[in-house]
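I have placed the structure first, in the form of structure tokens, so that the comments after it can refer back to it.
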Amino acid sequence: MLNKLLFAALLACSLQAQAKESAADNYKTYCVQCHGMEGNGKGINIRDMSVNPRDHTDAKAMSGRSDETLFKAIKEGGSAISKSVLMPPWEGALSDEEIKDLVQHLRILCTCKFGT
Amino acid sequence: MMQRIIFSSLLFVSTTAFAADGILQKDCAACHNLTGPAAQTLKEAWAKKGPGLFYAGNKYRQEWLVSWLQKPQRIRPAGMYYGDHIKPGPKGDEIDTSTLKDHVVLTKADAATVAAELMKLKPHDDLIAKEKIEPGAISKDEGEKVFDKFWGCMACHLIEPGYGGFSGPELYTAAQRLQPEFMASFIRNPQAWEPKTWMPNKEVSNGNLQKMVHYFEVLSKETANAQ
């Protein structure tokens, strides 16, 4: 009985830890520190950076990146797409599904699609 | 006679422990999580009014706790959740310092009792046991290269009062504040300590973890000398 209860409690905890967060909430937490409240690349952290964070509202630049490239940059970090190490890999904090949602969130911020 | 001494010293021990627990519960629990677990959702993470102290014994250096509690100085330039303390400015987002509050100050005696009580909180001995810091030295320049250039850690952390990022705690005082094994463990896997923290896991190699910890020691010595 006690075992069963413990098991159920453990299960509840691990399910809770894996609960998916919305893209807007993830963006607010992980991205805004560098990409800014408005997604314009002007977060509080940029003062001393050697490379400025991408402006996510820049439709021209953002439409030059495929969804796969954006996914890879978020998951594995800037160096995975030959960009700056200042863009961290987020796979330790976000699930693949959450990263996919963030790519769609970026398409809303830039009001753009790949190649257009 | 002997029995009486034992009895009265037991009584003394238990009343001081009780006093510390009393202070922690009464004056600290409103802002600090003293029991765990860590925040499991973003909403919980944003709502934190102070850093979790439930693994204080795995994290802090006791002598630092005693002195900081008597003379607290800001560690996180943009507060707990930076999102609550920023505003748009002409050149980009700015920290709204008017929203940051000063910390409560403890007397010397209370600071010592509370620090001793906090040091007993060690739920993560398992994570700490995985770390072994070898003695070693690193020059400030080489440390900076590893920290800034290889790993891009300066994005979020100040390595001196006027250089670095703001969304994480300042690190030029890290080695004064934190146990070396904690620093290594947190860098190795921040989410093992705080599942919803906005510090990324950069998969830092073992050799570089050692270098980072030695670098923080160099920085802290310099900071201490300057003070």
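Every chain is numbered from 1 and lettered A, B, ... according to where its sequence line falls, protein lines coming before strand lines. Side chains included, hydrogens not; waters and symmetry mates left out as well; all remaining heavy atoms used.
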* Asked: In terms of heavy-atom pairs under 4.5 Å, which option from A:Glu91, A:Arg47, A:Met87, A:Met49 contacts chain B the most?
  -> A:Arg47
* Atom OG in A:Ser50, atom CG in B:Asp148: separation rounded to 0.5 Å? -> 8.5 Å
* Asked: Which of the residues B:Gly92, B:Pro200, B:Cys156 is involved in the greatest number of heavy-atom pairs with chain A at under 4.5 angstrom?
  -> B:Pro200
* **B:Met199 CE to A:Tyr30 OH distance, which is reported to the nearest 0.5 Å** => 13.0 Å
* Just wondering, more than 12 heavy atoms not from B:Asn225 lying within 6.0 Å of its CG? -> yes
* To do: Output the option from B:Phe166, B:Trp151, B:Tyr82 having the highest count of non-hydrogen pairs under 4.5 Å with chain A.
  => B:Tyr82
* Kindly check if the number of other-residue, nucleotide or ligand heavy atoms within 6.0 Å of CD (B:Glu134) is above 12? => yes
* Structure fact -> Cut-off 4.5 Å, heavy atoms of chain A, and the answer for B:Ala78 is side chain
* To do: May I ask you to decide if A:Gly77's main-chain N or O and B:Lys202's side chain share a donor-acceptor pair within less than 3.5 Å?
  => no
* To do: Quick one: which of A:Asp25, A:Asp48, A:Leu86, A:Ile46 has the most heavy-atom pairs under 4.5 Å with chain B, could you say?
  => A:Asp48
* Asked: Between B:Ile95, B:Ile86, B:Asn189, which has the largest tally of heavy atom pairs under 4.5 Å with chain A?
  -> B:Ile86
* Asked: Distance from B:Glu94 atom CD to A:Lys42 atom NZ, nearest 0.5 Å?
  -> 12.0 Å
* So does A:Lys100 have more than 12 non-hydrogen atoms from other groups sitting under 6.0 Å from NZ? -> no
* Structure fact -> A:Asn45 and B:Ser167 have their tightest heavy-atom pair at ND2-OG, 2.8 Å
* What heavy-atom pair brings A:Gly92 and B:Gln191 nearest, and what distance separates the two atoms? -> O-CG, 3.4 Å
* Check whether more than 12 heavy atoms from other residues, nucleotides or ligands sit under 6.0 Å from atom CZ of A:Phe71, and answer yes or no. => yes
* Region of A:Asn40 in contact with chain B, defined by heavy-atom distances below 4.5 Å -> neither
* Drop me the distance from A:Thr29's OG1 to B:Lys43's NZ, to the nearest 0.5 angstrom. => 9.0 Å
* Asked: Going from CD on A:Gln33 to CG on B:Asp93, what distance comes out if it is rounded to the nearest 0.5 angstrom?
  -> 11.5 Å
* Atom group of B:Phe150 that falls short of 4.5 Å from chain A, counting heavy atoms -> backbone
